[in-house]
Amino acid sequence: MKILVPVKRVVDYNVRIRVRPDGSGVDLANVKMSMNPFDEIAVEEAIRLKEKGVATEVVVVSIGVAQAKDTLRTALAMGADRAILVTATDDVNVDLEPLSVAQILSKVVANEQPGLVIAGKQAIDNDMNATGQMLAALLGWGQGTFASSVTIEDGSALVTREVDGGLQTIKLKLPAVVTTDLRLNEPRYVALPNIMKAKKKPLEEVSLDTLGVAVRSRLTVLKTVEPPQRHAGVKVGSVDELVSKLKNEAGVL
Amino acid sequence: MFLNEMQEEVRETTRSFVDNVIRPAAEALDREERFPAEIYEEMGKLGLFGIAVPEELGGPGFDTLTYAVVMEELSRGYASVADQCGLVELISTLLVRHGTPEQQKMLPDILSMKRKVAYCITEPEAGTDVSGIRTTAVRDGDGWVLNGGKIWIHNAPVADTGFVLARTDKEAGNRGMSIFIVDLHAKGVERGPKEHKMGQRASQVGALDFSDVRLGSDALLGEMNRGFHMMMSVLDKGRVGIAALAVGIAQAGLEAAVDYAGTRKQFGKHISEFQGVQWLLADMAKDIEAARLLVHSAATKIDRGQDATRSCSMAKCFAGDMAVARTADAVQVFGGSGYIRGFEVERLYRDAKITQIYEGTNQIQRMIIARELLRKGARA
């Protein structure tokens, strides 16, 4: 079985982000970028399934600017076999909407015919949490989102989902789309020799024209603002004062 | 700085391992003076030993610049761990260059730390001046008999295999020394007690004593009587490694100092708002950057096959002096806290000092720089 893993190049989670002065978004020029952490979990899961002999090939795909090649190389160094870069823009500040990404991915799926797509549940830049679901809908496949465990058996995927009330286990007929939650696994450190080997693994570039997809934006960003500054707390003198503040000021009692 | 994509990737990978595994362990390793076997085993799996060993011999096959990047990042976590990486790099470089195919078969075990190595040069009467060594290897049948004593040998308390410089021709000076591969579990090998050092305390350092240790015909590394030259041939790389290690220590100090200055409040404001503290931080940052550029320049010269001796000595000397001065600044930013055990900068200051001493003292580095200047001219 072939597994397809979409990976997104996002602002590194350690970077203190800044809003562009015109409020049109987050400043992405000269900022350290890395693989979306949830996608890293997805790559790890796919590689583990290959190591267990469940999967035969792991293909990673990224959509966006040419610099996303670095992200794909990281996935190859982790252990993916092959990479596809869909060059969709040359502007690092362009963030494709989930529906566009899902449409592009559905074309890649049509070409690659994977038995399973494992995606991150969301990207840490815009937190949309929609691409996996939209892709499943476009393909007419089953979906298991927020996965904390994935087992493949007899043409099905058993997916344990982290839902509000606890854990829910569902059985999906393959092919299917799974999106990863934080506790699915802990991604491995890349071994140095594999960084060297990743250079020799195939990385194919395809254009939107080749795939026959036109990207259309449906959303308009009105403004982007930084979170409000946190204000200093107050010290209370007694339990009575605390209770009264909780009642009258915070309004939580 | 001017790293390529792959070198950046190596830096990132090493850094995330360092941040998650090495840096959090450093304080306890320093306090307990413990050999972190579990970290080394993990590093072996990740290919963090023998950075420049070619792929066909079991290494990752990177260049010297990549090695310097790894050394800086490891040392940013803990200098003792970086120094282990440096030691393995030198030994494996010697094996790659001079070892027989049979001897090279031990490389995978060395790179996975299943076999711990020691590089045995220094003796009580032969520190900086190596020509004073008294350890001898005397022909005996098709092998040799080794006698003598080594001190301050990194890994001596734990090592399995020693690479021992011994005199093989009493009359021939520097042309009368050879390097032997010695099983340190063999009869006649005695280990002295572990030294308790000022810094880099997880590095196990001690003495080795050889009395009538029998060496087989396969114990000689490279050519007979060429040991001194073989040793000198890896010195440039060793110096780049230690220079990078010094940069890593100072970088850790800078990061700690910047964080602290941005959180510690006095007179109602963060101490980072005082110009006196800002200038300390600025000086730290600029000197670290300068040292890093010297390291990268020296490493690049080695990779391009250019004469790198002057650059390597300049990098080692500058970075070592810089690390001591700038970790002292880091302690200064922390004030009283920086003088207390358990605060990272206190350890960094102690860890930095040896970088002015080992791998050729900084006085020797200045002699080398001056000699090169006077011999080859002042032009860069």
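Letters go in sequence order (proteins before strands), and every chain restarts at 1.
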Less than 3.5 Å apart and able to act as donor and acceptor by atom type: which atom pairs between chain B and chain A qualify?
{"residue": "B/Glu9", "atom": "OE1", "partner": "A/Thr74", "partner atom": "OG1", "Å": "3.1"}
{"residue": "B/Glu9", "atom": "OE2", "partner": "A/Thr74", "partner atom": "OG1", "Å": "3.2"}
{"residue": "B/Glu12", "atom": "OE1", "partner": "A/Lys32", "partner atom": "NZ", "Å": "3.0"}
{"residue": "B/Asn20", "atom": "ND2", "partner": "A/Tyr189", "partner atom": "OH", "Å": "3.2"}
{"residue": "B/Leu46", "atom": "O", "partner": "A/Leu192", "partner atom": "N", "Å": "2.7"}
{"residue": "B/Glu55", "atom": "OE2", "partner": "A/Lys200", "partner atom": "NZ", "Å": "3.4"}

Looking at B/Cys312 and B/Arg239, what are the two nearest heavy atoms and their distance? O-CB, 4.0 Å
Please report the interatomic distance CD1(B/Ile302) to CG(B/Asp236), rounded to the nearest 0.5 Å. 5.0 Å
Under the side chain to side chain donor-acceptor pair (under 3.5 Å) rule, collect the residues that match up with B/Thr93, sequence neighbours excluded. B/Lys237
Angle between ring planes, B/Phe343 versus B/Phe334, binned at 30° and 60°: parallel, tilted or perpendicular? perpendicular
Separation between CD1 (A/Ile118) and CG (A/Leu116), nearest 0.5 Å, reads 4.5 Å
Give a yes or no on whether a salt bridge exists between B/Glu102 and B/Lys105, defined as a side-chain N under 4.0 angstrom from a carboxylate O. yes
